Amino acid sequence: MIDMNGFPEEMKLSAMLIKIMEPWIDVIPIEQLADYASLAWNAAVDGEDAWESINFLHGAQREAIHDNEIKDIIRQIKSRKVKLFPNDFRSVVRMQVVIEEDGEPRVIVASKLKRENMVKMLSHAARNLR
């Protein structure tokens, strides 16, 4: 696991999740929205929409995922991920929203990069260097 503390903010997966959530930040509670963004991110990376197999939703949220409006929001967030970060193939393993002392939310993300996805990322990076 790579500790991203000290890396530029734009390289952190937490900052990327916040970016893809932006259109809904004032509409959906941040904890719920971050769950949806994590689902959308992983669906974009894995190329699947098997919502029920993802471990981010619990209890009432798992029931809510059958709501077509929520599925549509997740699909829109997934589209933003693909558009904004097409060459990032890290998967969200754990995500937590913490409310700071000043009342601002902070998204904390643990991620992993599968070997085959690492090859994809390195290939895209090499092409961009040319």
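Because the structure is predicted, anything quoted here is derived from the model rather than measured.
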Straight-line distance of [X] [atom1] to [Y] [atom2], nearest 0.5 Å:
| X | Y | atom1 | atom2 | answer |
| --- | --- | --- | --- | --- |
| Ser38 | Leu17 | OG | CG | 5.0 Å |
| Ile70 | Asp35 | CD1 | CG | 11.0 Å |
| Ser79 | Ile74 | OG | CD1 | 12.0 Å |

Would you call [X] and [Y] a side-chain contact if the rule is heavy atoms closer than 4.5 Å?
| X | Y | value |
| --- | --- | --- |
| Tyr36 | Lys71 | no |
| Phe85 | Arg80 | no |
| Ile77 | Leu33 | yes |
| Pro105 | Val98 | no |
| Met21 | Val107 | yes |
| Gln96 | Val109 | no |
| Ile108 | Ser14 | no |
| Gln76 | Asp72 | yes |

task: Might you work through the side chain to side chain contact (heavy atoms under 4.5 Å, CB included) test for Asp88 and Met16, ending with a clear yes or no?
output: CA-CA 10 Å; Asp88 195 312; Met16 293 176 186; 3.4 Å; yes

Do [X] side-chain atoms and [Y] backbone N/O form a donor-acceptor pair below 3.5 Å?
| X | Y | answer |
| --- | --- | --- |
| Trp41 | Ile20 | no |
| Lys81 | Ala37 | no |
| Asn42 | Val92 | yes |

field: Residues which pass salt bridge (charged side-chain N to carboxylate O under 4.0 Å, His left out) with Glu100, listed by chain and number, not counting sequence neighbours
entry: Arg106

message: Assigning hydrophobic clusters by single linkage (Ile, Leu, Val, Met, Phe, Trp, Tyr; side-chain heavy-atom cutoff under 4.5 Å), is Val82 placed with Leu39?
response: no

task: Using the test side chain to side chain contact (heavy atoms under 4.5 Å, CB included), find all partners of Asp26 that sit at least two apart in sequence or belong to another chain.
output: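 Here no residue qualifies.
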
